[in-house]
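Worksheet: the structure to be examined is printed underneath.
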Amino acid sequence: MEYKNTLLLIFLLCNGLFTINAQSFERLYPEFIHNGTTLKEATVGGLSSPQFSEVDLNNDGIQDLYIYDKIGGLSLTYLNGGTPNQVDYRYAPEYEVNFPNLIEWVLLRDYNGDGIQDIFAYSSTPGIPGVEVYTGYYNENNRIAFRQNNLQGGQFNIIYYPGSSGNNNLYVSSVDYPAIDDIDGDGDLDIVTFNVAGGIVELYDNQSIEKGFGKDSLDFIVADRCWGKFFESGITKEVDLSTNPEECALNFRASEPRNGLHAGSTLLTLDMDDDGDKEIILGDISFTNLNLLVNGGTAKAAFMTSQDIAFPSNNVPTDIPLFPAAFYLDVNNDGIKDLLTAPNLGNDIGETYEVAWFYENTGTNENPVFELRQKDLFTEDMIDYGTGAQPVFVDYNQDGLQDLVVGNKSFFVPGGNRNARVYLYENIGTPTSPKYELKNDDLFGLNVFSQNSWRFTPTFGDLDGDGDLDALIGEAFGNLFYAENRAGEGQPFQFNTATFGYQNIDVGQSSRPQIIDMNRDGLADLVIGERNGNLNYFENIGTTNNPIFPEDPTNNFFGKVDTREINQVTGYSVPTVLEMEGNYQLYVGNEIGKILVYDNLDGNLNGTFTQTNTNFGNVKVGGEIHPTFADIDKDGFLEMAIGNFRGGLTFFKTDLRQQLTNTQNLADYQYFAISPNPVDQVLRVQLDIAVKPRQIRVYNTLGQLIVNQYFTKELAISNLTSGVYVLEVLTDGGVLSKQFIKR
């Protein structure tokens, strides 16, 4: 009976008599294989400037992991499996939704002593530097959630402290990473941060314990205007140490103001020698090293007396281009806190792949000794192309499965050089279960252009009318590479050498092309996004076999689409035109990570498109996102892969139905039939005259491809064993499918 029910379900699905209500924007996790190794967390989305904090996400008593990536402003949550003496984390995005929108820097600390981590973060009020606080709690599902504290004392909901002329906002730069720790040993959390002018560190002492409030208050005073008595010039790796515990370095007294400009620094406080006071590990925006400053004073009166500018000098010193930050947490479940170091720059100038240096603490919590274990913690398990990921689905080997081609902006290379590439992943899975294996890490051979051209953005379409798909690749300076496919219709792609400057097209910066017949005249046109956030439409004024595009766009403000947010000068538009119920719809990724949707395209190419969605799917995967769509599991709905500026990919199932790319819907075809059914020897296929078939395929109930050949109206199937099969006809506009039974 179970077998018969399965056959009935297959029959209903294949003949359109049963509809699955697909859940929109469910995360998908297709398997990816690199150099024979299956990546465990392939589609997390990459890391660039991660900040690490411990947190118990599900109230099970085990400390899990929270990562805030400064690039894209993204919260990432990992559950800890708790295996002793092992790094044992599993990406768990279901916990991310309970974290607020945060910017610049984030620390999770338990300020009120209830055993639940709270959030300290940079102020979300534009132009107001300061510290926001969110109190953690567990909701009805035992998942951590947060409510913002109502911080009194000023106009904005940030931490204030009393000054000579009223309350002042406690200053922490957006560029910095402060230390929030019990500095003076009284049981409540204090804040150590650089002065607004830079060079010196200030201690803000929490008075919650002193005032009898326990740990539940955030009541700060300025306790030390020059904590540690050192001065960081930012000119040399060494800081200036004072010779007098009562005076700042360079004879600058703590009570005196100092003018200057603070460029950026990161701070981590911890007791390295078990003497009850806090040392400090310092990172500077100008350098690649960390500097350990040893506290020769006391918990109440810090006085830095020596420094290690190649920390940890007992092992492999941190050397992260550029601007390292340090984090102290138990990474490998041995009960001893380890060290993680990462870049804090927040852009792609510095290191973009080896961004999580894991130093195991082989000592104790009282006397830590750090030994480097790896530089690519977490990213080793991800698809991570350094900076930028521009994916596109295409059946590259013409086997009926959607492969994936991805361009990146660049990997970090010292000296300001670039390492940009286009990658080919072959789908080696089944029609219903995609699996991607890296086959080529320099498709089109564009890496040789990296020093002069990068941010490669591939797309495919039949430009020369010969039935196969050619390639255009956008790049950083608004031009296009062109590679002609010489394979022929239905054959695995074979490209001629890519050439630069296709038809002298130049859209300014960051060209993001799509090949699409916008005016439905049978010729392939171009729609190209760009850095400024507008779209450029180039009408093909040539012929089917000889495309001609004007050097200047036919319309450089296509549809009046502008993906810039308020007060932004860039938008990084990425267009994808889809056929939906016989009409074009436009899906555009933008710089801040939204997908904008427009309709009213047909017959309105010189007009204003109608925006119907300002954030398609409400997905949050980072900035400068690049979406691409295809039905990769043959369920009739489109899946969406999204590249982001962090250099990674994420996958989602959408509620968009698979459609043709011409003016007709599959359901509009007047006739598509197979007979006889059931069948013994020869299966006859009949199609509407409007259909242009290319290939014919047959799959068994396990999804295995049994037949794959050029289309024929009569298909010999006598060699098939008895059972149920699915026949597919690939057409110029889509895939037609029906189920049949072989006797």
Of the non-hydrogen atoms in Ile159 and Ile191, which two are nearest, and what is the gap between them?
-> CD1-CD1, 4.1 Å
With a 6.0 Å cut-off on ring centres, are Phe146 and Tyr137 close enough?
-> no
Sort out for me which residue in Tyr423, Tyr29, Phe32 forms a ring pair (Phe, Tyr, Trp, His ring centres under 6.0 Å) with Tyr436.
-> Phe32
Are a donor atom and an acceptor atom from the side chains of Thr318 and Tyr359 found within less than 3.5 Å of each other?
-> yes
Please name the pair of heavy atoms, one in Thr236 and one in Ser233, separated by the smallest distance, quoted to 0.1 Å.
-> N-OG, 3.6 Å
Quick one: pull up CZ in Arg421 and CG in Asp441 and give me the separation to the nearest 0.5 Å.
-> 5.0 Å
Minimal heavy-atom distance between Leu345 and Leu322, with the atoms involved, is CB-O, 4.0 Å
So, do Trp357 and Leu377 sit near enough that their side-chain heavy atoms are less than 4.5 Å apart?
-> no
Salt bridge or not for Lys439 and Glu437, using N-O below 4.0 Å?
-> yes
Under the ring pair (Phe, Tyr, Trp, His ring centres under 6.0 Å) rule, what do Tyr161 and Tyr204 come out as? Steps first, then yes or no, please.
-> CA-CA 8 Å; Tyr161 69 94; Tyr204 292 88; 5.1 Å; yes
Is a donor on one side and an acceptor on the other found under 3.5 Å between the side chain of Asp69 and the backbone of Ser48?
-> yes
Asp114 bridged to Lys215 by N-O distance under 4.0 Å = no
Output for pair (Glu210 CD, Ile221 CD1), nearest 0.5 Å, gives 7.5 Å
Salt-bridge test for Asp118 and Arg109: reply yes if a basic N is under 4.0 Å from a carboxylate O, no otherwise.
-> no
Minimum heavy-atom separation for Asn447 to Asp442, with atom names?
-> N-OD1, 3.1 Å
Heavy atoms, side chains only, cut-off 4.5 Å: are Ile281 and Leu270 in contact?
-> yes
Verdict with supporting geometry, Ile642 and Phe652, side chain to side chain contact (heavy atoms under 4.5 Å, CB included) = CA-CA 8 Å; Ile642 304 178; Phe652 296 88; 4.0 Å; yes
Test the Arg373-Phe358 pair against the cation-pi criterion, namely NZ or CZ under 6.0 angstrom from the six-membered ring centroid and within 45° of the ring axis.
-> no
Quick one: does Asp275's side chain have a donor or acceptor within less than 3.5 Å of a partner on Asp277's backbone?
-> yes
Side-chain heavy-atom pair Thr38, Glu31 within 4.5 angstrom cut-off | yes
Would one find more than 12 heavy atoms of other residues, nucleotides or ligands at under 6.0 Å from atom CG of Asn35?
-> no
Under 6.0 Å from the CG atom of Asp274, do we count more than 12 heavy atoms belonging to anything else shown?
-> yes
CA sep, side-chain torsions, deciding dist, call: Glu54, Lys337, salt bridge (Lys or Arg N to Asp or Glu O under 4.0 Å) | CA-CA 11 Å; Glu54 290 179 320; Lys337 289 185 179 293; 3.2 Å; yes
When rounded to the nearest 0.5 angstrom, what is the spacing between CG in Asn344 and CD in Glu104?
-> 9.5 Å
Within the distance-only criterion (no hydrogens, no angle test), does the side chain of Asp338 pair as donor or acceptor with the backbone N or O of Leu340 below 3.5 angstrom?
-> no
Given the options Thr352, Val44, Asp384, Thr379 meets side chain to side chain contact (heavy atoms under 4.5 Å, CB included) only with Asp384
May I have the step-by-step check of side chain to side chain donor-acceptor pair (under 3.5 Å) for Glu380 and Gln374, ending in yes or no?
-> CA-CA 10 Å; Glu380 67 171 340; Gln374 65 184 102; 3.2 Å; yes
Carboxylate-amine/guanidinium contact Arg90 Asp381, below 4.0 Å | no
Nearest heavy-atom approach of Glu96 to Leu76 is OE2-CA, 3.3 Å
Rounded to the nearest 0.5 Å, what separation is found between the CG atom of Asn149 and the CD atom of Glu132?
-> 10.5 Å
Distance, nearest 0.5 Å, that separates OG1 of Thr83 from OH of Tyr89 | 11.0 Å
Ignoring hydrogens and geometry, is there a side-chain-to-backbone donor-acceptor pair from Asp219 to Asn206 under 3.5 Å?
-> no
Proximity of Tyr68 and Phe52 rings by center, below 6.0 Å = no
Take Phe99 and Tyr66 through the ring pair (Phe, Tyr, Trp, His ring centres under 6.0 Å) test and state the conclusion after the steps.
-> CA-CA 10 Å; Phe99 282 79; Tyr66 170 80; 4.6 Å; yes
Under the side chain to side chain donor-acceptor pair (under 3.5 Å) criterion, do Gln117 and Asp110 qualify, and how do the steps go?
-> CA-CA 4 Å; Gln117 294 285 59; Asp110 178 15; over 6 Å; no
Please examine the side chains of Asp190 and Asp181, heavy atoms only from C-beta on, and report whether any two atoms are closer than 4.5 Å.
-> no
When you measure from the side chain of Asn361 to the backbone N and O of Val369, does any donor-acceptor pair fall under 3.5 Å?
-> yes
With a 6.0 Å cut-off on ring centres, are Tyr177 and Phe327 close enough?
-> yes
For Asn419 and Val413, indicate whether the former's side chain and the latter's backbone hold a donor-acceptor pair under 3.5 Å.
-> no
Working for side chain to side chain contact (heavy atoms under 4.5 Å, CB included), residues Met272 and Asn367 | CA-CA 6 Å; Met272 288 286 295; Asn367 293 103; over 6 Å; no
Measure across Ile336 and Thr364 and return the closest heavy-atom pair with its distance rounded to 0.1 Å.
-> CG2-C, 3.9 Å
Ion pair Glu624/Arg646, N-O distance below 4.0 Å = no
Are Asp56 and Asp64 close enough, and set up right, to give a side chain to side chain contact (heavy atoms under 4.5 Å, CB included), and what steps lead you there?
-> CA-CA 5 Å; Asp56 185 355; Asp64 306 303; 3.6 Å; yes
Find the distance between CZ (Phe645) and CD1 (Ile625) and round it off to the nearest 0.5 Å.
-> 14.0 Å
Show your reasoning for whether side chain to side chain donor-acceptor pair (under 3.5 Å) applies to Thr43 and Tyr91.
-> CA-CA 10 Å; Thr43 58; Tyr91 180 53; over 6 Å; no
Is there a side chain to side chain donor-acceptor pair (under 3.5 Å) between Glu279 and Thr269 once you walk through the steps?
-> CA-CA 6 Å; Glu279 277 69 49; Thr269 53; over 6 Å; no
CA sep, side-chain torsions, deciding dist, call: Asp330, Gln63, side chain to side chain contact (heavy atoms under 4.5 Å, CB included) | CA-CA 9 Å; Asp330 181 8; Gln63 288 299 306; over 6 Å; no
